[in-house]
Amino acid sequence: MQHRPWNRDTDYDTLVEWWTDWEFGVVPKECLPPDGVMVEVEGKPICAGGLYIGVGTQFAFMEWIVSNKSSNPKLVHKALKICIDQIMAMAKSKGMKLVYTATKETALQKRYTKYHDMVLTESNLKAFVRDLDG
């Protein structure tokens, strides 16, 4: 398994395919963070995630964690471990002190606490977004 920085231009179609397969909705390319990680096996993408950096702060937001729905679950498990660990390493290398994330996905919630030393801070969260572009 290899990891690399994601490329919003060349990886976008893959991300859209995965989001569509999981029925997540599609994030406009220009709204994705420039920093992110793609994990591949033999050149085939398995999972990815992004990292927003709070400019002028030491705070980052990990988001858009997604995997190829048709991949082997054991392979995805290993790939997600690498992906999230690399996002954390990226945040640390950029001087971040806190990484925040939110998800409704139970499997990711368990993963974050069990494998990535994250602490649950909000259990009854509702998230909101406003599309300013219509």
>> Using the rule given for side chain to side chain contact (heavy atoms under 4.5 Å, CB included), can you reason through R111 versus M118, listing the C-alpha separation, both sets of side-chain angles and the distance that settles it, and then say yes or no?
In response: CA-CA 9 Å; R111 167 175 288 287; M118 297 190 86; over 6 Å; no
Hey, quick one: are [X] and [Y] part of the same hydrophobic cluster, counting side-chain heavy atoms closer than 4.5 Å, chains of contacts allowed?
X	Y	answer
V37	V66	no
L32	W22	yes
V16	M38	yes

Determine whether [X] and [Y] make a side-chain contact, defined as any pair of heavy atoms from C-beta on separated by less than 4.5 Å.
X	Y	answer
L108	T101	no
T103	I65	no
V76	N68	no
I84	Y115	no
M1	V39	yes
Y12	V26	yes
M90	M96	no
R8	L15	no

Return the [atom1] to [atom2] distance between [X] and [Y], rounded to the nearest 0.5 Å.
X	Y	atom1	atom2	value
I87	W6	CD1	CH2	7.5 Å
D11	K29	CG	NZ	10.5 Å
M88	S93	CE	OG	12.5 Å
S67	L75	OG	CG	10.0 Å
Q2	E42	CD	CD	8.0 Å
W19	W64	CH2	CH2	7.0 Å

> Under the side chain to side chain contact (heavy atoms under 4.5 Å, CB included) criterion, do K104 and L125 qualify, and how do the steps go?
Replying inline: CA-CA 9 Å; K104 68 175 186 156; L125 176 74; over 6 Å; no
>> Parallel, tilted or perpendicular: which one describes the rings of H116 and Y112, with boundaries at 30° and 60°?
In response: perpendicular
> Aromatic rings Y52 and F61: how do their planes relate, parallel, tilted or perpendicular, breaks at 30° and 60°?
Replying inline: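 Tilted.
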>> With side chain to side chain contact (heavy atoms under 4.5 Å, CB included) as the criterion, how do T113 and Q109 come out once you've worked through the C-alpha distance, each side chain's angles and the decisive distance to 0.1 Å?
In response: CA-CA 7 Å; T113 56; Q109 292 168 0; over 6 Å; no
> Would you say S71's side chain and I46's backbone share a donor-acceptor pair under 3.5 angstrom?
Replying inline: no
Return yes when atom [atom1] of [X] has more than 12 non-hydrogen atoms of other residues, nucleotides or ligands closer than 6.0 Å, and no otherwise.
X	atom1	value
K69	NZ	yes
D9	CG	yes
D131	CG	yes

> What closest approach, in Å, do C83 and C47 show between heavy atoms, and which atom pair accounts for it?
Replying inline: CB-SG, 3.7 Å
>> Determine whether V41 and K78 satisfy the following criterion, side chain to side chain contact (heavy atoms under 4.5 Å, CB included), listing intermediate values before the conclusion.
In response: CA-CA 11 Å; V41 174; K78 291 177 185 175; over 6 Å; no
